[in-house]
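Read the structure below first, then the notes.
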Amino acid sequence: MEGGGARNVSAAAAQTKESADDGSCKPLPPCCVKAQAAVAESEAKCHATVVSGWFTGTRSRSGKPSKVQYFNNPMWPGEAHSLKVEKILYQGKSPYQEVLVFESSTYGNVLVLDGIVQLTDKDECAYQEMVTHLALCSIPSPKNVLVVGGGDGGVLREIAKHDSVESIDICEIDQLVINVCKDFFPRLYVGYKDPRVKLHVGDAVEFLRNSPEGKYDAIIVDSSDPIGPAQELVEKPFFQTIARALKPGGVLSNLAESMWLHTHLIQDMLSICREVFKGGVHYAWASVPTYPSGVIGFLLCAKEGPPVDFLTPVNPIEKIEGATKDGREMRFYNSEIHKAAFILPTFVKRELEAYNSSTEKERPEKPTAKPVKMKVMRDSAITAS
Ligand code: SPD
């Protein structure tokens with residue numbers, strides 16, 4: 001995946017450990033204490049203290065003790081989601097990241113990059129369908145679409161369900177991810193078989209800089225978490241490059257982490273995107289059990305131009321010829337869940353609103369500029385106007 005960030009402990013290095021906890025932990029930074037207290041994490045900073053790895057457990061089977069291996073999928077310092085490993089299918093290293101594929105006992109095949117679960121056969125549908133259709137179903141007739149990252153092919157598979165789409169560019173930095181997904185994730189790799197797909201292996205920032213201005217109706221950023229090198233993908237220059245490549249009224253769908261763990265990051269992304277995308281900025285979320293805290297968020301942004309109403313799909317998937325049948329059935333997304341995805345829990349609305357009012361106060365008044373304000377809509381969506 002584009003920008004796959006290096007973490008402090010690799011899966012391979014940690015494999016020999018009996019447990020991820022070696023007792024040498026530093027005190028948790030303030031934002032991590034959030035798991036224990038329902039307070040806003042105003043001083044939180046992004047950090048890479050997550051420790052991933054393996055551990056084995058001894059279990060009695062038919063009276064005889066036997067070794068059972070688990071993958072310890074880091075959720076946050078102090079918590080992990082363990083997946084029982086049936087078989088390791090691939091372990092390797094590209095110039096960008098460590099790549100691991102294993103067969104789990106309950107989630108099918110699992111793709112892990114630098115020790116972080118990226119997708120599993122069982123729950124990949126939720127992420128790929130939502131990150132794609134929240135954007136493409138919000139504009140009338142998407143034609144040119146770009147995927148940043150997304151080397152597994154899952155987002156391509158979803159875009160291909162839109163018969164209005166004429167061209168699908170994908171810019172993935174890591175050829176190894178593509179190769180491994182061809183071998184072990186055929187249900188995602190199938191996305192590459194659509195004749196509209198054109199693969200570019202390389203750096204997406206460079207690719208975007210060289211793209212004609214206003215080329216794309218939609219850009220979908222399907223990257224790794226923004227830690228390490230992928231940090232660039234949540235900074236203002238990147239969003240400006242995206243906006244430049246979009247048509248007026250074009251849309252961006254970008255992963256935006258967990259509202260339980262990363263409100264500081266979500267606040268920063270919302271704040272930057274509100275400055276860049278004058279057609280509207282919204283936060284949506286979905287349940288993905290193998291992602292940290294079991295949820296993932298999405299930032300939906302529109303470039304100024306023909307108005308985009310993300311909250312009510314103008315291009316409903318149910319009305320797209322062939323999008324939901326003949327082996328293309330959705331497993332997660334539908335128009336109801338599209339609308340529901342923008343409804344936010346009270347604490348999220350409160351934290352995002354509080355952040356907005358504090359940054360509004362800090363920002364010097366610009367008499368000529370129209371103030372940009374985040375509003376909580378009647379239907380609970382956070383939006384910028
Ligand atoms: N916390 C993991 C987030 C991973 C997002 N990218 C997943 C790639 C699936 N196409």
Side-chain angles (χ1 to χ4, degrees), residues 1-7 11 46 48 50 52 71-76 79-81 83 96-101 107-135 146-160 168 170-174 176-178 180-182 184-192 197 204 220-231 233-234 253-262 265-266 269 285-299 331-333:
M1 316 275 146
E2 175 67 30
R7 272 85 188 181
C46 211
V50 174
S52 62
F71 180 77
N72 188 16
N73 179 23
M75 294 274 140
W76 201 237
E79 53 176 308
H81 176 211
L83 290 165
Y96 306 99
Q97 54 207 337
E98 285 178 3
V99 179
L100 164 74
V101 181
Y107 278 80
N109 287 358
V110 181
L111 173 67
V112 181
L113 299 181
D114 278 337
I116 309 283
V117 168
Q118 299 297 312
L119 62 91
T120 77
D121 277 334
K122 180 171 175 167
D123 65 4
E124 57 88 11
C125 58
Y127 174 82
Q128 332 271 9
E129 292 180 17
M130 291 295 273
V131 78
T132 307
H133 303 303
L134 285 176
L146 169 66
V147 183
V148 171
D152 51 74
V155 168
L156 298 176
R157 176 193 70 200
E158 294 307 315
I159 298 169
I168 310 171
I170 172 168
C171 187
E172 163 64 53
I173 203 165
D174 198 341
L176 182 60
V177 170
I178 301 170
V180 155
C181 292
K182 183 177 184 186
F184 300 109
F185 296 92
R187 287 199 328 207
L188 287 93
Y189 188 80
V190 70
Y192 283 99
V197 171
I220 296 166
V221 177
D222 178 18
S223 63
S224 314
D225 297 305
I227 302 169
Q231 171 70 32
L233 305 189
V234 290
S253 179
N254 201 113
L255 88 162
E257 302 303 312
S258 162
M259 62 192 179
W260 288 105
L261 307 173
H262 312 111
L265 184 59
I266 298 165
M269 290 172 83
W285 62 286
S287 153
V288 184
T290 55
Y291 284 173
S293 81
V295 300
I296 187 93
F298 309 97
L299 261 191
R331 284 198 288 151
F332 192 90
Y333 179 86

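Ligands are counted one by one from 1 in listed order, and the atoms in each one are counted from 1 as well. Starting from 1, each residue takes its place in the sequence as its number.
When only interatomic distances are considered, the shortest N/O to N/O separation between Glu257 and ligand 1 does not fall below 3.5 Å. When only interatomic distances are considered, the shortest N/O to N/O separation between Asp225 and ligand 1 falls below 3.5 Å.
Short contacts between ligand 1 and Gln128, defined as distances under 4.0 Å to a heavy atom of the residue, involve ligand atoms 9 (C), 10 (N). When each atom of ligand 1 is checked for a heavy atom of Pro292 under 4.0 Å away, the hits are 1 (N). Counting atoms of ligand 1 from 1 in the listed order, those under 4.0 Å from a heavy atom of Val117 are 2 (C). Close approach of ligand 1 to Leu255 is summarised as follows: ligand atoms under 4.0 Å from at least one heavy atom of the residue are 3 (C), 5 (C).
Side chain to side chain, Asp123 and Tyr291 fail the donor-acceptor criterion of an N or O pair below 3.5 Å. Side-chain contact, Asp152 with Gln118: no donor N or O sits under 3.5 Å from an acceptor N or O.
Remark: the backbone N or O of Ala80 is not paired with any side-chain donor or acceptor of Asn73 at under 3.5 angstrom. A distance-only check finds a donor-acceptor pair linking the side chain of Ser253 to the backbone of Val131 [under 3.5 Å]. At least one donor-acceptor pair closer than 3.5 Å links the side chain of Asn109 to the backbone N or O of Phe184. Judged by distance alone, the side chain of Glu129 and the main-chain N or O of Arg331 form a donor-acceptor pair under 3.5 Å.
At least one heavy atom of Ser223 lies less than 4.0 angstrom from ligand 1. In this structure, Gly150 does not count as a contact residue of ligand 1, since none of its heavy atoms falls inside 4.0 Å of the ligand. Judged by the shortest distance from any of its heavy atoms, Asp152 lies inside the 4.0 Å radius around the atoms of ligand 1.
The aromatic rings of His262 and Trp76 sit perpendicular, their planes meeting at an angle over 60°, well past the 30° parallel limit.
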